[in-house]
Amino acid sequence: MLNVQHVSMAELEAGMDHIRQSPKDNGTLMMIVRRPNVDQREIISEGELNPLEGLLGDSWNARGSGHTSDGSANTDTQITIMNSRTIALLAQDEERWSLAGDQLYIDMDLSTDNLPPGTRFALGSAMIEVSAVPHTGCKKFSSRFGVEAMKFVNSPEGKQLHLRGINTRVIRAGRIRVGDIVIKI
């Protein structure tokens, strides 16, 4: 990967207005990332979403969850989505977007006000529903984008805007492609 300096808090705060201008109702799918194994990323131009498997070819289902009683995968965290303007600011280069670990990067307002839990949106021929389970950064996120980035996404405003992203689940199977319009229902 590229040798990139982490962005300072002043630079992050300066980018906030651009993030706030994300579309509210009709966004755009900018990137799809499949994670076949831990710390592996495949950037793909199209994919298939399925209510049982999530993004086909992704390891979400096989990895399971430490937050379920039996260790099985949590369907409320099937697909993670991050605002493309936020990751562009944090990563500084599109080649580094996939390091965040999310599967979908969309240019859309992911805030609690715009997409509260239970909100559904169409993406390609699929339908996704926003989960109430919060999506927060981890040690890997901090090491890849910096401590300031972690503070930025987990600040009160960062949490309200869901700068770290949102967890979702697949409601209706379908095909998705980079460039698809995301339509809030």
Side-chain angles (χ1 to χ4, degrees), residues 1 4 6-7 12 15 19 22-23 27-50 53-65 67 73-112 114-115 117 119 121 123-124 126-146 149-150 152-154 158-171 176-180 182:
M1 283 290 159
V4 176
H6 293 153
V7 182
L12 293 168
I19 293 168
S22 298
T28 305
L29 178 59
M30 305 300 289
M31 183 181 282
I32 305 167
V33 180
R34 188 166 46 204
R35 307 159 311 174
N37 290 302
V38 174
D39 292 331
Q40 288 186 338
R41 307 285 189 269
E42 294 175 351
I43 297 171
I44 56 177
S45 59
E46 61 182 66
E48 187 77 27
L49 297 181
N50 178 291
E53 298 294 322
L55 175 62
L56 295 185
D58 187 78
S59 64
W60 160 81
N61 199 19
R63 284 181 295 162
S65 171
H67 300 288
N74 182 349
T75 55
D76 286 336
T77 62
Q78 212 172 37
I79 303 292
T80 57
I81 299 174
M82 191 168 185
N83 176 292
S84 61
R85 295 175 189 219
T86 301
I87 192 58
L89 177 62
L90 300 176
Q92 296 292 296
D93 189 297
E94 193 171 315
E95 289 183 32
R96 297 185 72 239
W97 285 21
S98 66
L99 292 175
D102 298 275
Q103 295 121 313
L104 305 181
Y105 297 86
I106 64 174
D107 185 18
M108 189 170 190
D109 177 355
L110 303 180
S111 71
T112 302
N114 193 50
L115 296 176
T119 301
F121 52 91
L123 176 57
M127 184 180 298
I128 298 173
E129 181 178 88
V130 178
S131 167
V133 177
H135 186 29
T136 57
C138 62
K139 287 181 183 179
K140 286 182 183 180
F141 185 86
S142 183
S143 69
R144 291 170 180 163
F145 300 108
M150 181 70 102
F152 180 68
V153 301
N154 286 321
K159 286 181 180 181
Q160 192 279 328
L161 294 173
H162 292 294
L163 296 183
R164 179 55 196 97
I166 57 174
N167 283 304
T168 66
R169 65 186 185 105
V170 179
I171 299 298
I176 60 171
R177 291 176 183 79
V178 170
D180 279 349
V182 182

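Residue numbers run from 1 in the order of the sequence given.
Residue pairs meeting the salt bridge (Lys or Arg N to Asp or Glu O under 4.0 Å) criterion with at least one partner in residues 78-92, sequence neighbours excluded, are R85-D107.
When each of M82, R164, H6 is tested with L90 by the rule side-chain contact (heavy atoms from CB on, under 4.5 Å), just one qualifies, namely M82.
Remark: side-chain polar atoms of R96 are paired, donor with acceptor, to backbone N or O of A91 under 3.5 angstrom. When atom types are taken as modelled, the side chain of T168 and the backbone of I79 share a donor-acceptor pair closer than 3.5 angstrom. N114 places a side-chain N or O within donor-acceptor distance of the main-chain N or O of D109, the cut-off being under 3.5 Å. A donor-acceptor contact shorter than 3.5 Å links the side chain of Q78 to the backbone of V170. Judged purely by atom type and a 3.5 angstrom limit, N83 uses its side chain to pair as donor or acceptor with the backbone of M108. Listed for the Y105 side chain is a donor-acceptor partner under 3.5 Å among the backbone atoms of W97.
Side-chain contact, T77 with N167: no donor N or O sits under 3.5 Å from an acceptor N or O. Looking only at atom types and distance, the side chain of Q40 has a donor-acceptor partner in the side chain of N37 under 3.5 Å away.
Smallest separation of non-hydrogen atoms from R144 and L99: NH1-O, 2.8 Å. The minimum heavy-atom distance between E46 and I44, with the atom names listed, is O-CD1, 3.3 Å. Shortest non-hydrogen contact noted between G101 and R35 is O-NH1, 2.9 Å. When every heavy atom of V33 is checked against every heavy atom of L55, the shortest pair comes out as O-CD2, 3.6 Å. Summarising the geometry of I81 relative to F121, their closest heavy-atom pair is CD1-CZ, 3.6 Å, with the distance given to 0.1 Å.
The side-chain hydrogen bond (donor to acceptor under 3.5 Å, both in side chains) test applied to K140 returns D39, not counting sequence neighbours.
Ion pairing of D58 with R34 is absent here, as no side-chain N (NZ or NE/NH1/NH2) approaches a carboxylate O to less than 4.0 Å.
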